[in-house]
Number of protein chains: 2
Amino acid sequence: MLNLLKITTPAFLELLPPEVADQLIAASVLMKYSNGQLIHTRGSLKPGLSIVHKGGAHVGVNGIDGTFVMVAALGPGECFGEFTLFTQLPRTHDISSIGESQIYQLSQHKFDVLYQREPSISKALLKTTLMRTHVLLEMLDAIRRLPILERTAKVLLSMSYSLGGSNVLRGRQDELAFTLGVTRISLGKALKELSHLGLIETGYAKITIPDRVQLSDWVELNCGA
Amino acid sequence: MLNLLKITTPAFLELLPPEVADQLIAASVLMKYSNGQLIHTRGSLKPGLSIVHKGGAHVGVNGIDGTFVMVAALGPGECFGEFTLFTQLPRTHDISSIGESQIYQLSQHKFDVLYQREPSISKALLKTTLMRTHVLLEMLDAIRRLPILERTAKVLLSMSYSLGGSNVLRGRQDELAFTLGVTRISLGKALKELSHLGLIETGYAKITIPDRVQLSDWVELNCGA
DNA sequence: AACAAAATGATAAATATTTTACATTCCAAA
DNA sequence: TTTGGAATGTAAAATATTTATCATTTTGTT
């Protein structure tokens with residue numbers, strides 16, 4: 001999936017010792033949602049932590065005009081709503097279900113009790129949050145400093161790291177274009193140039209990275225620092 | 001200061017109960033740095049938390065070509081280095097002193113001991129980190145979705161919130177331009193238009209917001225969601 | 001195998017932004 | 001109070017990007 005916050009950030013649940021993860025799950029309610037169903041609404045004041053069990057969750061903002069701007073897509077093990085637990089502020093995003101999803105919902109109170117008892121929870125939360133901050137800073141830096149071609153290469157490289165063994169990124173070009181802050185047309189040109197350079201191969205809703213080392217070298221050489 | 005991460009984010013130290021803050025300070029070493037002196041280097045593997053006591057700290061990346069790209073400027077009470085405490089990864093930024101600064105340096109070990117004992121530390125850290133993430137997401141969204149004029153207004157409004165009583169933002173236009181991801185020229189045009197609209201007044205290295213409510217209304221109307 | 005929907009490719013005109021260059025204004029130090 | 005550096009203002013040419021269309025390719029479904 002061509003998705004910003006998924007790059008290199010490990011899932012919250014995986015960072016917890018298994019017995020602590022079990023406790024969190026035991027304290028929460030497993031809710032089921034149909035495709036596209038709204039899970040949380042921007043502005044809502046009810047705090048609580050949510051953890052994806054099955055399926056996924058779209059994080060974004062529904063514009064007044066009916067448009068939906070995606071910020072991230074979260075998969076199994078990933079969490080959202082942490083912001084409401086620590087800031088007493090209203091929710092900043094709309095969250096809706098991707099496919100038939102199952103989400104663990106944990107109330108502020110039950111979370112607090114476990115949080116107090118198990119320091120591994122705060123550690124895991126801090127780790128995911130700090131990784132997210134890091135990815136966001138990198139992205140912001142890329143958008144501000146790098147021309148589209150370099151920006152594209154750098155983000156593709158980052159995304160490739162979260163791929164494990166495979167070297168195929170799946171997702172539409174317009175998704176990636178939005179992540180990079182450009183139009184599909186401009187992204188298309190950049191992708192074409194990168195494939196002329198032999199760094200990637202484009203396909204139907206996928207991008208293949210034949211040689212990650214080669215791409216990495218190019219990024220290092222052309223994107224500075 | 002026209003600085004991204006300072007917007008609306010409360011300082012770490014201020015979020016701690018005074019007695020916990022005192023313990024953190026007691027466990028750390030107060031180091032002094034001269035103007036521009038390097039405090040930490042990108043790539044360094046030595047973990048530790050730093051808290052600004054006096055002066056400030058530039059966070060950024062020194063390019064191969066000698067350029068320095070600023071990410072944030074931190075002031076008293078604000079912290080950096082958290083990333084190294086939880087990820088076991090090398091430092092991602094160069095940090096140098098603003099003016100004659102004094103920085104509390106806390107080793108990973110001493111931090112861990114206190115962290116285990118005082119849950120308020122993780123709470124404060126999570127709160128600052130989550131607020132930073134939120135600000136970064138807002139900024140990213142603004143850069144991707146909003147034209148320069150709207151983007152400028154929105155960021156000025158955000159910055160105005162961290163101002164307390166005053167309504168004057170101090171800082172150079174080229175700093176703000178970088179934060180917004182545009183050139184000084186483009187920013188100048190946007191500022192001119194905003195002042196024609198009566199929403200701001202520009203001065204020498206400062207921007208005044210005569211009526212924050214008016215600016216807020218305009219942003220709400222023109223920046224969606 | 002045919003077809004429709006989805007995704008990409010490609011083009012030119014319109015627009016936005018940067019680059020370059022220089023003028024002007026402001027501030028602080030001598 | 002002068003003066004030089006720092007910051008802003010302005011304008012035009014060069015470039016980059018978007019918008020608007022339409023053609024082509026791919027995929028999955030009849």
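Numbered from 1 within each chain, the chains take letters A, B, ... in sequence-line order. FYI, side chains are in, hydrogens and waters are out, and symmetry mates aren't considered; it's all heavy atoms of this structure.
Rounded to an integer number of Å, the gap from CZ of B:R170 to P of D:dT8 is 12 Å. Note: CD1 (B:I200) to C1' (D:dT8) measures 13 Å, nearest angstrom. In this entry the distance linking CD of A:E175 with P of C:dA7 reads 9 Å, nearest Å. Between the P atom of C:dA7 and the CG atom of A:L191 lies a distance of 15 Å, rounded to the nearest Å. At whole-Å resolution of the value, NE2 in A:H196 and C1' in C:dG9 are 12 Å apart. We find that CD1 of A:I207 is positioned 14 Å from P of C:dA7, with the value rounded to whole Å.
Taking the ring-ring contact (aromatic ring centres under 6.0 Å, His included) definition, one finds that A:F178 meets it with nothing, sequence neighbours left out. Among residues two or more places apart in sequence or in another chain, the salt bridge (charged side-chain N to carboxylate O under 4.0 Å, His left out) test is passed with A:D174 by A:R172. With sequence neighbours left out, the side chain to side chain contact (heavy atoms under 4.5 Å, CB included) criterion links B:T128 to B:F12, B:L15, B:L125.
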Q) What does nucleotides 14-23 of chain C look like as a protein-contact string, B for base, S for sugar-phosphate only, - for none, at under 4.0 angstrom between heavy atoms? A) ---SBBB---
Side chains of residues 191-209 of chain A: which donor-acceptor partners sit under 3.5 Å, not counting sequence neighbours?
from: A:S195; atom 1: OG; to: A:L191; atom 2: O; distance (Å): 3.3
from: A:S195; atom 1: OG; to: A:K192; atom 2: O; distance (Å): 2.9

With a 3.5 Å cut-off and sequence neighbours excluded, list the donor-acceptor pairs that the side chains of residues 43-58 of chain A form with protein atoms.
from: A:S44; atom 1: OG; to: A:K46; atom 2: N; distance (Å): 3.3
from: A:S50; atom 1: OG; to: A:H40; atom 2: NE2; distance (Å): 3.2
from: A:S50; atom 1: OG; to: A:Q105; atom 2: OE1; distance (Å): 2.6
from: A:H53; atom 1: ND1; to: A:Y104; atom 2: OH; distance (Å): 3.2

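Listed candidates were C:dG9, D:dG9, C:dA10. Nearest to the side chain of A:K192 is C:dA10. Nearest to the side-chain atoms of B:Q173 among the listed nucleotides D:dA6, C:dA7, D:dG9 stands D:dG9. Across D:dG5, D:dT25, C:dG9, the shortest atom-to-atom separation from the side chain of A:Y204 is found for D:dT25.
Note on A:E138 versus A:K154: salt bridge recorded, some NZ/NE/NH1/NH2 to OD/OE distance being below 4.0 Å.
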